[in-house]
Each structure stands twice: as structure tokens, then as C-alpha cells.
A.B. asks: 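Before we start, here is the structure in question, set down as C-alpha cells.
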Amino acid sequence: MAHVVLKNLIKTYGGYNAVNDVSLTINDGEFVALVGPSGCGKTTTLNLVAGLTSLTSGEILIGERLVNDVDPKNRDIAMVFQNYALYPQKTVYANLAFPLQMRKLPRDEIDRKVKQAAQMLDMTHLLERKPRELSGGQQQRVALGRALVRDPAVFLMDEPLSNLDAKLRVQMRSEIKRFHQDLKATIIYVTHDQLEAVTMADKLAVMSGGNLQQYDSPAKVFANPVNMFVASFIGSPAMSLVPLTASTVDGRAVLAGAEGWTLALSPLNARKVQRATSSKVVLGARHSTIKLTTSAVPGAIPAKAYTVEPTGDVTFVQAMLSGAIVNISVPPDVAVEADQPIWLAFDQDRMHLFDGATELALKAD
Amino acid sequence: MTVASKPAPRATIDLWRWAGRAFLAVMMLFTLLPMVWMLLTSIKSGFAALQFPPQWWPNEPTLASYKKLLDPTSSVGEDFLRFFWNSLFVSTMSTILSVIVAVPAAYAFSRFDFPGRKFLFFSVLLRNMFPAVVFLVPLFILMRFLGLMNTHGSLILTYLTFGLPLAIWLLKGFYDNIPYQLEQAARIDGASRFQAFLLIIMPLSVPGIIATAIYSFIGAWNEYIFAYTFINRNDRLTLPIGIQRFFSESSSDFPGLMAASFMMSVPVVVLFLMLQRYFVRALTEGAVKH
Ligand SMILES: Nc1ncnc2c1ncn2[C@@H]1O[C@H](COP(=O)(O)OP(=O)(O)OP(=O)(O)O)[C@@H](O)[C@H]1O
Ligand SMILES: [Mg+2]
């Protein structure tokens, strides 16, 4: 196993930066999820690390070695592809044996390692089949097996679960996580599914438009998103973002909504708002941090229920505030109906404030 | 609930089905009967072949014509076997060369982005937009200039210019349908770029290679006009010209002519029967995106 360092990676396709100045350090044994919407450059970044795509500029280190000009086969990496890329003409056994044969291992050692990997992934009975005779989940396992027979320095996985059905995805998710814990493997895992990223990874690298937005543990990314993109991308349902105007009432800092209400701010939040580049401030709140009441409460903002979605465990209520939809979760026994007047209280300690112009999170100091 | 569209009455379906079958039967007779007649004539005696009304089934079937053709000591047999060998040589060489050139070319067109790629690919196809005879005179002049008149090389070169465009086009379609992630996987698994092609991609394209091989072999085997124009020396003639010349001299030996024609179709039929499985697979796989 080894650590991986990416320094100022840039990949340009005909004047368009698919990967734009991405720098990351992945520690030995760490599970890092590259997460972001479709087309944000996740696969391109992974292919750069694998050496399948040539760098425009930047440096890639695997272990202590600069691998910019090293062939993929000599980078000591293994990769699991989104479409598995199993060799269709070879049996499962031959698929698993191929990387070992290419490394000229003796035949009995190949046999031993293939059987060991097959046992680990519980597919000994599938060894003589061809890939097309396997189900999606089984193919996924073979793809994983082909990566782990070699115990490489780094595992690269490009959306390995995206072709599976929901149930299998949850199962394979925990299997891959288990596999990471057992092997202490360094894994770079690409996904556009933020839930997958949050549940599996030690660290998230959130990307958008070729840029790395934030790189931190899931808990920190969740608690302190650096900008509005990360705030709305991580977490489900997405964080509600309400555009407001900063002003003062009787010497106290408040945020004013388009409907004419004001929200008084705690001293800490007031300091944050002072640092905004203009009076435009965006309030971010996750569904669980907003308290909904059906009668007026001091400090709560009046609104009207827009839609009500019971899911069984919780009921989601949507309301319109300042032209934005706000998502609130309430226990299923709270009776709310559409168009009913409601009052919303925001938790001052858990609310997020963003600069309306730069979209960056506002900090107190 | 009402039924949205009434299914066509059974009788109508049956009628169409039987009309289709009848049509196929007629077409089959149309293609098969000449061949049957060729076979029947080839086992008649020279006299019986000219009888009218014709003997449908020869009274005294004989393999004399075949014996004569295959006997290297008779002058007929000597010529026929030499023509046969010439044809086999020219066709096999064109096939081998065509595969050797088409496989890497098609792969490059499919996988690499190099300057002039579109233009080159289009110019490859351009050749197929003109009828072959258009090239007869230019190629004749070219071959004379190169000193290749009366050589098999002239024919092999010519057949390559006909076979290659389609071979490249067909194989490119094949490579386009093989996900490039397979090569990426192979390269990560420890193969060089060339090994990835040789060990993973080549085996997958075997049906396509076989199909192009059959195509160029048959094209070369049956070709007449260019062989007729480029080759004059009797000992270098290929089968189509050889048979035609030989039997226009002894014009009444119909059983001999038919036996020679039959023997000429044997290699193609055998080749096709052996490999048709791949041929069909190639044509369908090339057409359908997975
Ligand atoms: N070979 C290429 N030529 C030109 N542009 C490319 C090429 N490969 C990728 N791109 C562009 O680079 C950007 C990033 O692509 P990439 O495949 O890395 O996205 P991704 O984050 O993996 O998306 P997805 O989740 O859909 O797989 C896209 O806008 C894409 O159009
Ligand atoms: Mg991708």
C-alpha cells in the first residue's frame, strides 16, 4: 500500500479544462471518494492517476515515486471499471489469472492466488463461467476480484456499483467497505452518489466543473460545507438555501426575507454576516435543523405548507420562503396539511450562512 | 376495457406466410437449378451432353471429365491444375495481405485520433464509390510502368485495392463495438499497449477477421476482368480466364467445362461452410450496438 499525491493536475480537452488544478493527498490506507455531478471530471482524474490519460500539467506521486511518465502497467495500481471491463472471451478463472500471468508469476502461485481471491469473494463456483453467463452482481465481484488478486499499491474504482440494483448496491457497498478495512487498502473511489461517498469513505473530495471544491472527512464536509455547491450536493434531501438580505433593526443584525419578515441573528452569526461582500446573504439549513410549529412562536418565521410528503419514518414538509423551497422534516404524528399556515424556527448553531455573491461559506473570523 | 387494435384474422397471416414461403422456394430453385444442371452435365459423356431433348439424368454417369482434369499427365489436366494453383496463390496472398493491412489500419481508425484521420477514412471509402472498370486503364498503365505486367503481383495488388476498403470499414465497425475499457483494463493488468491489442482485442475480433478474409478470398478467386487484362502468358492464367480460354478452343466439351466450373466452386463452398458461423456472427455483431 502507498499514499498518493496529486499536485495541480490539469487536463485540457481542446481548450476546456476537464480537470482544473486539482491537488490532493491521499494517505496510506485511506478510502477517498471522488464525488460530484456527472461530467465534473471524476473519471478523467482517475484515469490520470491510472496513466490511461496523459496529463496536461501537474504531478502525480504514488508512494514516493513520480509516475507522470510511467506506463499504467508499471504504476502498481488496480482498477475496477464502471462497466466492469471483464474480458468476454475468458472464463472467470482466466480473468482473475490474467494480471498475474502478465507479471509472469509461476503457474502454481497464480492458481493459489486466484483460488484465494475467489474464496474471499465467495465465487469459487463461478470460476469456469464466462462473464456473459453471470449476473450483474457476480460480474461486479469478478471485477473486484481481478483488482485484488494482485495486492497493488492503490485501488482505483470508477462507479463500480452504479450498474447494480438498489438492494445489491447496498450489499456490495458494505462488502467493499469491509474489504477496505480488512486489507487496509488505499482506495480512490469515484461516484456521483453522495450517499455512497458519505457512507463508505474516510474522506470526500467533492468536485464540480473540473475543480476540487472541498476535501475533508464526510462529517466535516457535512457540518462545514465551504460553499453553496458542496452544501447542496452533500446530504439528502439537499440543504435548503434561502436568499435573504442583511440589514439591522434597532442596532441588531437581522436577515430579511422577501415576504417582509426578519430573522434575528446570534452574535456569532451576526459577525459572519458582517463579512459578506454585499448585503446578499444565503441562509442554508438542513431539514432536521428547522423546527416546525403549527402556531405562532416568538422568533419563528410565518410560512405556508406547500407540499407534504409522508415517507413513513418522517414526513417532509416543503414551504416557500423568499422564493426558495425549504425542506423540513417532522415526526409522522405531526399533522400538517398543504396550504396550512406554519411557523419555522431556525437553529442558530446549526444554520449555514453563505455570501450571496461569491457563494462561499461565511466565517466569523 | 376494450381491445385497442384487433389482431389480423388468422387466415390473412397464413396467406402471407405461405406467400413468403412460395417466394423463397422459387428463389431457391432459381439459384440451385443451374448448379444442379452444371453437376449433371459434368458427369455426362460428351455425346449425351449435346442430346436433344436433354437427358435429365445421364444414362451412363461417368467421372471421365474429372479424371481428365485432375490427371497431371494429360495436357488438359496439366493446364487446369496450373490455373487452379495460380488462382489459389493469388487469392490466398491477397487475403493474407489484406488481413495484415486491414487489422492494424481498422484498429488505428477506431482508436487513435491522428491528424487527417477523417480524411483518410473517407478516401478509403471513396475507392468503393466507383465501379471497378473505371480503374482498369489507369491500373493497366500503372502496372506496365511498374513492370508488373503478366505477374501475379499485379493481380494481388489490384485485388488489395478492391478488398481493403471494405475490410477496413468492416473491421473498424468491429473495433468500435469493443469497449475501450477492455484495453485500459488490460494495460492496468500489466499488458503493454500492443499486448492489450494482441491478447484481448484481436481474439475478440476473430469473427470480423474471418469475415473479411472470406470476402477478399472470394473476390479474388472470382475476379475476371483484371486477370483477363493483366495476364497473357498461358502459364500464369488464373482459373476464370483459364477455363474460359481453354474451353473456347475446344468448344463442344461441355462436360469438361462443367466439371472445371464445379471444381472451381469447391474451395469457396468449403471455405464458406467451414467458416459461415463466424461470417454470420460478424455481420450481425458489426451491425448491432450492445
Ligand atoms: N476524450 C475526451 N475528449 C473531450 N472531452 C472529454 C473527453 N473525456 C472527457 N471529456 C470531458 O471532460 C469532462 C469530464 O468528463 P469525465 O468523464 O471525467 O466526467 P465524470 O465526472 O466522470 O462524469 P460521469 O459521472 O458522467 O462519469 C466532461 O465534460 C467530458 O465531456
Ligand atoms: Mg465517469
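In what follows, chains carry the letters A, B, and so on, assigned in the order in which the sequence lines appear, proteins first and then strands, with residues in each chain numbered from 1.
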A.B. asks: Sub-3.5 Å donor-acceptor pair from the side chain of S94(B) to the main-chain atoms of Y159(B), do we have one?
C.D. replies: no
A.B. asks: As a test of understanding, state which of F174(B), F119(B), F121(B), W169(B) forms a ring pair (Phe, Tyr, Trp, His ring centres under 6.0 Å) with F109(B).
C.D. replies: F121(B)
A.B. asks: Please look at L199(B) and chain A and tell me whether the side chain, the backbone, both or neither of the residue comes under 4.5 angstrom of a heavy atom of that chain.
C.D. replies: both
A.B. asks: What are the sub-3.5 Å donor-acceptor pairs between chain B and chain A, distances to 0.1 Å?
C.D. replies:
from    : atom 1 : to      : atom 2 : distance (Å)
Q181(B) : OE1    : N83(A)  : ND2    : 3.4
A186(B) : N      : Y87(A)  : OH     : 3.2
R187(B) : O      : K73(A)  : N      : 3.3
I188(B) : O      : R150(A) : NH1    : 3.3
D189(B) : O      : R103(A) : NH1    : 2.8
D189(B) : OD2    : Y87(A)  : OH     : 2.8
I200(B) : O      : Q89(A)  : NE2    : 3.2

A.B. asks: Can you tell me which portion of L156(A) sits under 4.5 Å from chain B's heavy atoms? Options are side chain, backbone, both or neither.
C.D. replies: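 Neither part.
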A.B. asks: Heavy atoms only: give me the nearest L6(A)-V4(A) pair and the separation to one decimal.
C.D. replies: CD2-CG1, 3.8 Å
A.B. asks: Please confirm whether the ring centroid of F84(B) lies under 6.0 Å from the ring centroid of W221(B).
C.D. replies: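 Yes; W221(B) has its ring centre under 6.0 Å from that of F84(B).
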A.B. asks: Between V149(A) and A117(A), what is the shortest heavy-atom contact and its length?
C.D. replies: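 Minimum heavy-atom separation between V149(A) and A117(A): CG1-CB, 3.5 Å.
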A.B. asks: Could you check whether any side-chain N or O of S265(B) sits under 3.5 Å from a backbone N or O of F262(B), counting only pairs where one atom can act as donor and the other as acceptor?
C.D. replies: yes
A.B. asks: Looking at P88(A), G51(A), A78(A), A50(A), which has the largest count of heavy-atom pairs under 4.5 Å with chain B?
C.D. replies: P88(A)
A.B. asks: Nearest 0.5 Å please: distance from the CG atom of L96(A) over to the CG atom of L148(A).
C.D. replies: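 Going from CG on L96(A) over to CG on L148(A), the span is 8.5 Å.
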